[in-house]
Protein chains: 2
Amino acid sequence: MTEPSLRARKRQRARDEIIEAAYRLFAERGYDEVTVADIAERAEVGRTTFFRYFGDKQEVVFAGEHDWLDGLAAHHRELRGDRPPGLPEALAQVRELTLALCARATLDPGRYVLRERLIADHPELGDRTARKQRRFAETMTEILREHGATPETAALAPQLALACYTAGRAVAGDDPAALAPSVAAAFDRLGLLPPAA
Amino acid sequence: MTEPSLRARKRQRARDEIIEAAYRLFAERGYDEVTVADIAERAEVGRTTFFRYFGDKQEVVFAGEHDWLDGLAAHHRELRGDRPPGLPEALAQVRELTLALCARATLDPGRYVLRERLIADHPELGDRTARKQRRFAETMTEILREHGATPETAALAPQLALACYTAGRAVAGDDPAALAPSVAAAFDRLGLLPPAA
DNA sequence: TTTCAATTGGTACTGAGTACCATATGGGAC
DNA sequence: GTCCCATATGGTACTCAGTACCAATTGAAA
């Protein structure tokens, strides 16, 4: 991999500093008591610049996860799909990606806890998680269709995965270590296993 | 039932007129091109009054459905729950309420179509539907727990119902007549039927 | 009729998000 | 190095959502 240009490095650093500043301020004062101007000031950029990196104030809360979703298709290629998947096979594939998403989300436990608290305390942030989940589901649906799944299967399997994710998340509370196991348990309870390969 | 007071009737009428005005304007110009001031003017109320009836601009899009959710617990009482429900039984119960919600949502087909289009075109409205769904799930979870379900079952069953709802909705597009059948089909494909009573 | 609580609409404010512009800066050509 | 261009920056000014406050109106009940 070639060294990124100075521009690219500066850009990445600015982005990181905005996220850092935002999370620090949210932790100190709470989401509502922090303005975009505050974040920009702390990150030592202009208010305008903030909006060049993030579409809105909410987006900075979910920064990072979007990038992972961009690579979702690539992540899935690794799971072979020789024959058109029925619902059990599709679900098994989506299950792997869902658990990978859990692992990714809890990489930084401290930030995970803070994010979960922000989401729990601010309905509009709870709403916003839906956008991420919609994108996950839409991408997965597309991939499943490419692999020959029926429209119904392709639509249902990702939604079932999200159901297990959300239910597991609810059971786990804001404990990062409990997330993946709870989600996996939810999948298990579905009892929709593919026939042995 | 006693006649509602003049105050109550006026209040109801004002609310209805705001909703009417909003939907007409959204249909004419689109969501973004309509300000709250526009809606208030068309409904012949003050801008301040709009915010007394609806917490924000998005809320008026989903007006009516919230009321139904308030009665969710009552609706469920009709479904007897003698013994602690396992996942199949819980799912069967939630299924009924989900289908009732579909019927309710498509009562006014024209408005349903317009709402689905608004949601599809405006991500922030898509996000907002999540709040309604969260409330549905939380209420159902609470009810299931009261009826003796385990925390895991109580958390999972409503989420599975939402998965079937969302998947069915995606398959149905904005055709109101297709919603309930598609959702019902998704439930059927889950194959998680309770043992015969 | 009088009194009280609820409802209303207006004014003024904060903060998110956008458009525009002039400036600065990194990358590449020569 | 230096010249040029595309990119990135920060500031100004604007619209609009949402909130706080207040004075005036109006329904309900005595």
Side-chain angles (χ1 to χ4, degrees), chain A residues 2-19 21-23 25-26 28-63 66 118 121-128 131, chain B residues 2-19 21-23 25-26 28-63 66 118 121-128 131:
Chain A
T2 64
E3 183 81 357
S5 72
L6 174 55
R7 264 213 185 133
R9 273 178 288 139
K10 273 195 162 181
R11 231 185 124 65
Q12 186 59 47
R13 185 147 30 103
R15 191 183 148 87
D16 291 343
E17 268 164 21
I18 291 172
I19 298 173
Y23 265 90
L25 286 168
F26 292 155
E28 290 171 12
R29 290 188 234 160
Y31 186 76
D32 289 331
E33 277 63 49
V34 175
T35 71
V36 171
D38 293 334
I39 301 172
E41 192 186 8
R42 176 77 71 102
E44 296 181 293
V45 298
R47 201 181 75 97
T48 349
T49 301
F50 174 94
F51 285 108
R52 281 202 190 85
Y53 285 89
F54 301 95
D56 55 30
K57 187 181 165 188
Q58 295 180 2
E59 199 175 314
V60 76
V61 175
F62 302 99
H66 264 288
L118 288 175
D121 291 344
H122 300 277
E124 72 271 25
L125 292 178
D127 296 351
R128 186 57 175 263
R131 193 176 305 192
Chain B
T2 63
E3 184 81 354
S5 72
L6 174 55
R7 272 226 175 117
R9 273 178 288 141
K10 272 195 163 184
R11 229 183 128 66
Q12 186 58 46
R13 183 145 36 103
R15 190 183 150 87
D16 290 343
E17 267 165 21
I18 291 172
I19 298 173
Y23 265 90
L25 286 168
F26 292 156
E28 290 171 12
R29 289 188 235 160
Y31 185 76
D32 290 331
E33 277 63 49
V34 174
T35 70
V36 171
D38 293 334
I39 300 173
E41 192 186 6
R42 176 76 70 104
E44 297 182 291
V45 298
R47 203 180 74 97
T48 351
T49 301
F50 174 94
F51 286 107
R52 281 200 190 89
Y53 284 89
F54 300 95
D56 55 31
K57 187 182 165 186
Q58 295 180 2
E59 200 175 313
V60 76
V61 175
F62 302 98
H66 264 290
L118 288 174
D121 291 342
H122 300 276
E124 73 270 26
L125 292 178
D127 296 350
R128 186 58 177 262
R131 193 176 306 192

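Letters go in sequence order (proteins before strands), and every chain restarts at 1.
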Tabulate atom names and distances for all N/O pairs under 3.5 angstrom spanning the protein and nucleotides 13-15 of chain C.
none

Seminar exercise, completed: Whole-Å distance, B/Glu44 CD to C/dT7 P, equals 20 Å
Seminar exercise, completed: note: B/Asp32, atom CG; C/dG17, atom P; distance rounded to Å ~ 13 Å
Exercise. Given atom CZ of B/Phe54 and atom C1' of D/dT19, what is their separation to the nearest angstrom?
Worked result: 18 Å
Problem set entry | Counterpart residues, side-chain hydrogen bond (donor to acceptor under 3.5 Å, both in side chains), relative to B/Thr48 (two or more places apart) | none
Donor-acceptor pairs under 3.5 angstrom involving side-chain atoms of residues 50-61 of chain B: please list them, not counting sequence neighbours.
| residue | atom | partner | partner atom | Å |
| --- | --- | --- | --- | --- |
| B/Asp56 | OD1 | B/Gln58 | N | 3.2 |
| B/Asp56 | OD1 | B/Glu59 | N | 2.9 |
| B/Asp56 | OD1 | B/Arg128 | NH1 | 3.3 |
| B/Asp56 | OD2 | B/Arg128 | NH1 | 3.0 |
| B/Lys57 | NZ | B/Tyr31 | O | 3.0 |
| B/Lys57 | NZ | B/Val34 | O | 2.7 |
| B/Gln58 | OE1 | B/Arg128 | NH1 | 3.1 |
| B/Glu59 | OE1 | B/Gly55 | N | 3.1 |

For this session: Step through the shown structure and confirm whether more than 12 heavy atoms of other residues, nucleotides or ligands are within 6.0 Å of CD on A/Glu41.
Result: no
List every contact pair, protein side and nucleotides 28-30 of chain D side both N or O, where the distance is under 3.5 Å.
| residue | atom | partner | partner atom | Å |
| --- | --- | --- | --- | --- |
| D/dA28 | OP1 | B/Leu6 | N | 2.9 |
| D/dA28 | OP1 | B/Arg7 | N | 3.2 |

Exercise. CZ of A/Phe62 to CG of A/Leu118: how many Å apart, nearest 0.5 Å?
Worked result: 8.5 Å
Would you give me the side-chain donor-acceptor pairs under 3.5 Å for residues 10-19 of chain A, sequence neighbours excluded?
| residue | atom | partner | partner atom | Å |
| --- | --- | --- | --- | --- |
| A/Gln12 | NE2 | A/Asp16 | OD1 | 3.0 |

Problem set entry | B/Tyr53 side chain near C/dT8 phosphate (N/O to OP1/OP2, under 4.0 Å) | yes
Exercise. Looking only at N and O atoms, is any donor in the side chain of A/Arg52 or the base of D/dG10 less than 3.5 Å from an acceptor on the other one?
Worked result: yes
Exercise. Any side-chain N or O of A/Thr49 less than 4.0 Å from the OP1 or OP2 oxygen of D/dT9?
Worked result: no
Exercise. So which one's nearest nucleotide on DNA chain D is more toward 5', A/Gly46 or B/Phe50?
Worked result: A/Gly46
For this session: Using the side-chain contact (heavy atoms from CB on, under 4.5 Å) rule, take B/Thr35 and B/Arg47 through it: C-alpha gap first, then chi angles, then the decisive distance, then the call.
Result: CA-CA 10 Å; B/Thr35 70; B/Arg47 203 180 74 97; over 6 Å; no
Problem set entry | Nucleotide D/dT19, atom P - distance to CD of B/Glu59 in whole Å | 11 Å
Problem set entry | Heavy-atom pair of closest approach, residues A/Pro4 and A/Arg9 | O-NE, 3.4 Å
For this session: Look up atom CG in A/Leu125 and atom CZ in A/Phe26, then write down how far apart they are to the nearest 0.5 Å.
Result: 8.0 Å
For this session: Report the residues that fulfil side-chain hydrogen bond (donor to acceptor under 3.5 Å, both in side chains) with A/Glu28, sequence neighbours left out, ordered by chain and then residue number.
Result: A/Arg42
For this session: Let me know the distance between CZ of B/Phe51 and C1' of C/dG10, rounded to the nearest Å.
Result: 15 Å
Exercise. In whole angstrom, what separates B/Glu33's CD from D/dA17's C1'?
Worked result: 15 Å
For this session: Would you tell me if any nitrogen or oxygen in the side chain of A/Lys10 comes within less than 4.0 Å of OP1 or OP2 on D/dA8?
Result: no
For this session: Starting at atom CZ of B/Arg15, determine the distance to atom C1' of C/dA6, rounded to an integer number of angstrom.
Result: 18 Å
Problem set entry | Protein-nucleotide distance (B/Arg11, atom CZ; D/dT26, atom P), rounded to Å | 17 Å
Problem set entry | Among C/dT8, D/dG27, D/dA20, the nucleotide that comes nearest once only the side chain of B/Thr48 is considered | D/dA20
